[in-house]
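Just so you know, these numbers use all the heavy atoms, side chains as well, and skip hydrogens, waters and symmetry mates. Remember, predicted model here, so these are calculated numbers, not experimental data.
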Amino acid sequence: MLNFSFTEEQDYFRKMLKEFAKEELLPHYTKWDREEITPRHLWKKLGELGVNGLRIPVEYGGSGGDCVTTGIAAEEIGRGDFNLTYAVMLNALIGEIINNHAREELKKEWLPKIASGEKIVGIAITEPSAGTDAGGIKTTAVHKGNVYVLNGEKSGISVATCGDAFVIFAKTEPELGNRGISAFIVPANLPGVECKGYKDMGNIPISRGSIYLNDVEVPEEYMIGLQNKGFSQVMNGFDLSRLLIGLQCVGAASQSIDETIEHVKVRHSFNKPLATYQGVSFPIVTHYTQLELVKWQAYRGLWLRDQGLNHSKESASVKWLGPKYSVDAIHECLLLNGHYAYTKEMPLEQRLRDVIGLEIGDGTAQANMMVIAKDIIGKEFRSY
């Protein structure tokens with residue numbers, strides 16, 4: 001018998017986060033964008049609520065939550081402040097990588113600080129000539145004595161200018177291609193690390209930018225997992241982050257729809273509420289339905305991950321359709337709210353700018369279609 005219900009604990013968690021997002025996040029969502037500030041105090045507040053450490057075990061200061069519960073956090077925080085959902089998504093991805101692969105000393109040093117919000121940690125794979133083709137990175141890590149010397153450039157990295165450290169992927173044996181990539185924790189204050197921010201269209205509080213590595217000496221114990229195993233470590237983690245991104249986007253779009261429904265109920269045209277016109281209600285229904293489909297596909301993918309079952313095609317479909325349907329929905333809401341929504345007095349224009357960024361990050365629509373095609377058609381018919 002299928003069961004689509006959440007547990008009592010998950011329902012309580014959702015209710016708590018929904019109230020927190022409405023009361024403490026939503027009123028200030030546009031403030032951080034306008035002032036170009038990363039609200040570190042809110043990352044710490046999320047740490048107090050147990051959100052940052054959902055995929056970090058209790059023994060390392062985390063909540064030890066399952067993937068479905070982590071999805072609830074992504075959806076509800078996304079309703080209040082889309083950019084703060086990176087505290088859910090990034091920390092879940094990085095928390096899993098460190099917990100599953102790092103040596104005990106690294107776990108004890110970094111996981112409690114990530115869970116509490118004391119430290120913000122980013123993940124750095126993308127380079128100027130390697131985005132979707134993550135195996136094409138050129139950053140190198142050369143073993144010399146008891147350190148690895150890193151050289152290269154990472155681009156398009158979230159929290160680049162506000163991060164305290166980064167999980168950086170570099171080639172320890174370049175001639176092996178994908179099989180020669182290793183992962184390291186690299187503190188941002190190490191000599192030779194330089195971070196420069198971008199002037200982005202959206203996601204301003206995420207402080208995206210480039211990281212330059214110039215003869216950066218990283219202690220060999222800061223390697224995560226085994227040498228040359230970094231690529232496989234992160235590929236599995238992306239199945240989680242893509243599902244969370246879908247829910248993050250759905251949360252922002254659903255909040256926009258809720259606000260728009262209230263608007264069209266009270267706004268009159270030709271002596272009737274806008275909500276009575278099918279030209280208004282039908283688009284709202286269309287977007288609501290599409291978002292619900294993505295939402296439940298995302299929770300199904302998270303449930304599969306909790307069961308230890310394959311969920312790559314579910315993850316890829318959510319990452320492809322979640323941002324797309326959310327952008328479409330927010331755009332429609334902006335139009336239905338009229339010319340006031342085109343101003344910065346309302347949050348719709350910022351949500352539109354913010355969500356568009358995730359049509360690119362963590363894999364484009366085309367890249368995710370390739371994942372699905374490989375799964376349902378077969379590896380031997382892999383598309384290029």
Output the distance between atom [atom1] ([X]) and atom [atom2] ([Y]), rounded to the nearest 0.5 Å.
X    : Y    : atom1 : atom2 : result
E96  : L240 : CD    : CG    : 5.0 Å
Q350 : I204 : CD    : CD1   : 8.0 Å
E292 : Q297 : CD    : CD    : 13.5 Å
R55  : L93  : CZ    : CG    : 11.0 Å

Between [Y] and [X], is there a side-chain donor-acceptor contact under 3.5 Å, judged purely by atom types and distance?
X    : Y    : result
S256 : R351 : yes
Y198 : S210 : yes
S207 : T38  : yes
Q10  : T69  : yes
E109 : Y222 : yes
T30  : D33  : no
D258 : Y288 : no
E220 : N146 : no

Taking atom [atom1] of [X] as the centre, report whether more than 12 heavy atoms of other residues, nucleotides or ligands fall under 6.0 Å from it.
X    : atom1 : value
W110 : CH2   : yes
H331 : NE2   : no
E345 : CD    : no
Y277 : OH    : yes
E35  : CD    : yes
E173 : CD    : yes

Among the clusters formed by ILVMFWY side chains lying less than 4.5 Å apart, do [X] and [Y] turn up in the same one?
X    : Y    : result
L190 : L213 : yes
V266 : F270 : no
V68  : V58  : no

When you check the gap from the basic side-chain N to the acidic O, do [X] and [Y] get nearer than 4.0 Å?
X    : Y    : answer
K44  : E48  : no
R242 : D362 : no
E127 : K138 : no
K199 : E36  : yes
E349 : R34  : yes
K108 : E59  : no
D66  : R305 : no
E19  : K15  : no

Name each donor-acceptor pair under 3.5 Å that joins a side chain in residues 364-375 to protein atoms two or more places apart or in another chain, with its distance.
| residue | atom | partner | partner atom | Å |
| --- | --- | --- | --- | --- |
| T364 | OG1 | Q366 | OE1 | 3.4 |
| T364 | OG1 | A367 | N | 3.2 |
| N368 | ND2 | G363 | O | 3.1 |
| N368 | ND2 | T364 | O | 2.9 |

Measuring only between side-chain heavy atoms, which start at C-beta, is [X] closer than 4.5 Å to [Y]?
X    : Y    : value
V193 : Y212 : no
R267 : L274 : yes
Q248 : L358 : yes
V121 : D164 : no
Q227 : Y148 : yes
F13  : L17  : yes

- Message: Ring-plane angle category for F6 and Y299, please: parallel below 30°, perpendicular beyond 60°, tilted otherwise.
- Response: perpendicular
- Message: Parallel, tilted or perpendicular: which one describes the rings of Y86 and F82, with boundaries at 30° and 60°?
- Response: perpendicular
For [X] against [Y], the heavy-atom pair lying closest together:
X    : Y    : result
K196 : T161 : C-CG2, 3.8 Å
N151 : D215 : OD1-N, 2.8 Å
V218 : L150 : CG2-CD1, 4.1 Å
V355 : S326 : CG1-CB, 4.0 Å
I257 : I284 : CG2-CG2, 4.2 Å
V294 : V318 : O-CG2, 4.1 Å

- Only one of K22, K18, Q255, M16 clears side chain to side chain contact (heavy atoms under 4.5 Å, CB included) with E76; which? K18
Indicate yes or no for a side-chain donor-acceptor contact from [X] to the backbone of [Y] under 3.5 Å, with no hydrogens or angles considered.
X    : Y    : result
T286 : F282 : yes
K171 : I137 : yes
D306 : C67  : yes
H41  : W43  : no
H311 : L309 : yes

- Please identify each residue that fulfils ring-ring contact (aromatic ring centres under 6.0 Å, His included) with Y325, with sequence neighbours left out. none
- Task: Decide salt bridge (Lys or Arg N to Asp or Glu O under 4.0 Å) for E314 and R300; before the verdict, give the C-alpha distance in whole Å, the side-chain angles of both, and the deciding distance to 0.1 Å.
- Result: CA-CA 8 Å; E314 287 80 9; R300 180 171 181 270; 3.0 Å; yes
- Worked verdict on R14 versus E75 for salt bridge (Lys or Arg N to Asp or Glu O under 4.0 Å): CA-CA 9 Å; R14 180 185 292 278; E75 182 185 355; 3.2 Å; yes
- Going through the distances and angles, do Y60 and E104 end up as a side-chain hydrogen bond (donor to acceptor under 3.5 Å, both in side chains)? CA-CA 10 Å; Y60 299 111; E104 189 65 22; 2.6 Å; yes
- R353 and L348: CA distance, side-chain angles, deciding distance, side chain to side chain contact (heavy atoms under 4.5 Å, CB included) verdict: CA-CA 9 Å; R353 289 187 287 110; L348 290 167; over 6 Å; no
- Message: Test of understanding: with side chain to side chain contact (heavy atoms under 4.5 Å, CB included), list the residues that count as partners of T276, not counting sequence neighbours.
- Response: K272, P273
